[in-house]
Number of protein chains: 2
Amino acid sequence: MKRLSGTREKIFDVAIDMFSRHGYNGVSVRKIAYGAGIKESSIYNHFRNKEDILNHIFDCFQEGMQAQKPDQKELEYEIEFMAPREIFRLLFIKYVKNRTSRIDKMALIILMEQYINQKARNFVKEFMLKEPADYYEAILRTMAAKGKIRDDTDLRIAAEELNYGFMGIILDLLVAVQEGGDHTVVIQKLSDHVDFVFERLEKQG
Amino acid sequence: MKRLSGTREKIFDVAIDMFSRHGYNGVSVRKIAYGAGIKESSIYNHFRNKEDILNHIFDCFQEGMQAQKPDQKELEYEIEFMAPREIFRLLFIKYVKNRTSRIDKMALIILMEQYINQKARNFVKEFMLKEPADYYEAILRTMAAKGKIRDDTDLRIAAEELNYGFMGIILDLLVAVQEGGDHTVVIQKLSDHVDFVFERLEKQG
DNA sequence: GTCTATAGCTAGATAGAC
DNA sequence: GTCTATCTAGCTATAGAC
């Protein structure tokens, strides 16, 4: 993460918080500045303009996504010795536990902006739809190659099914957290989701 | 549907179109007026204020959702004589085919506003999450009672699985349509989704 | 890097003539 | 029901003193 001066970081934090609650167009530079305890014009010593803040959010979110990619070595070990459904349960629950309030807020901003802003839309497509599904598909293929799951299934579709449910549950979580709730229910939901899919994928008998 | 004067309808149409592309906060009353071919102040002869337009969108969306509820008698007939998976395939494809550009745009507006506007959020929860899942669950229970699907499954979870995939695919569709695409791919995706779930639910052998 | 001051514009909304 | 005119408030952004 690029080093930020105290003020710049403060502005950024306040902006993320306000954007996530009122949308990018619902927050003025003025309000961000006052929220950060400085005058409006001082913002421009830290960000070129309002859009520059949004772009920084995109960059920061991307870094966050890259950073929390699961360890590949660890995963291979898991595939060898754990039940298939346990691996995905762990994967999903790890995501939920490793979330920070910052990542939640950035995700919300990007989800809101996706229909307006091309860059946001690309982020959703890449980091919330394609990349996760690709990743799940790769894991499933490894599992199938090792004979851990049935091999008569379209694993791309299975990967997308895993991601549909995961995304649905995480969206729920983001809303719940925004409203002051917690993530206990979500763990159960993720577990049920994984179970449902793997009842389908695991070998019968 | 309440009768609208020509101008009011024109304003409403333009507003839906602009809100769906730029968000509620990204469109001014002025721009809507000019888009509708009238002066800004004339808007206020048709809507009390900007928010009144948004509320009318909510009302109109709700009417649209109620209106396209599937026929109950027809459904019972289908459950008796069609394969379980065909019923859901039909249900989902009917939705896709019956969509209008207006409904798509209103859905997009509500999806965008859900994190900002409490009323929008309630709409999403009620009409996109809870009500569809309840409906699917009821159908599945009827199927199970008639011995058409396995009875060793939590049907609430199955109903939610059906809805996660459906919502994910529909969201994809809304984006694709906004970008000028069509819905041919989507029909296949919905079909794959239903197949995946019913491989799990239908009786073995 | 912070501030004051201000430019220049756009916003939502109203008053009142026709 | 439409218009012109106008109000007030808010907006992004810059200039320049400290």
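Values in this document were obtained by computation on a predicted structure and should not be read as measured data. Values reported hereafter were calculated over all heavy atoms of this structure, with side chains retained and with hydrogens, waters and symmetry mates removed. Letters A, B, ... mirror the listed sequences (proteins, then strands); counts begin at 1.
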C:dA11 phosphate, OP1 or OP2, under 4.0 Å from B:S28 side-chain N/O: yes

Neighbour count above 12 (heavy atom, 6.0 Å) for B:Y77 OH: no

Whole angstrom value for the distance that separates P of D:dT12 from OH of A:Y34: 12 Å

Tabulate atom names and distances for all N/O pairs under 3.5 angstrom spanning the protein and nucleotides 14-18 of chain C.
none

A:E179/B:R121 ion pair, N-O < 4.0 Å: yes

Separation of D:dC11 P from A:I32 CD1 (nearest whole Å): 10 Å

Electrostatic pair B:E199:B:R85 at N-O distance under 4.0 angstrom: yes

Touch class at under 4.0 angstrom, heavy-atom based, for B:S42 against every strand present: base

Integer-rounded Å distance: D:dC11 P and A:I53 CD1: 14 Å

Under-3.5 Å donor-acceptor pair between A:R30 side chain and D:dG10 base: no

Between D:dG10 (P) and B:N25 (CG): distance, integer Å: 15 Å

cation_pi(A:K50, A:Y24) dist<6.0 Å, angle<=45: yes

Nearest-neighbour nucleotide for the B:N49 side chain, C:dA13, D:dA13, C:dG1 considered: C:dA13

Rounded distance in Å - CG (A:L54) to P (D:dT12): 13 Å

Length of the CZ-P vector between B:F47 and D:dG1, whole Å: 12 Å

side-chain N/O B:K50 vs C:dG12 OP1/OP2, d < 4.0 Å: yes

Whole angstrom value for the distance that separates C1' of D:dA13 from NE2 of A:H46: 16 Å

Distance, rounded to the nearest Å, where B:K39 contributes NZ and C:dG12 contributes P: 16 Å

Under the salt bridge (Lys or Arg N to Asp or Glu O under 4.0 Å) test, residues paired with B:E78 that sit two or more places apart: B:K94

Residue A:I38, side-chain heavy atoms: nucleotide from C:dG12, D:dC11, C:dC3 that is nearest: C:dC3

Side-chain ion pair, B:R89 and B:E86, N-O less than 4.0 Å: yes

All pairs passing ring pair (Phe, Tyr, Trp, His ring centres under 6.0 Å) where residues 104-123 of chain B contributes a residue, at least two apart: B:F58-B:F123, B:F123-B:F127

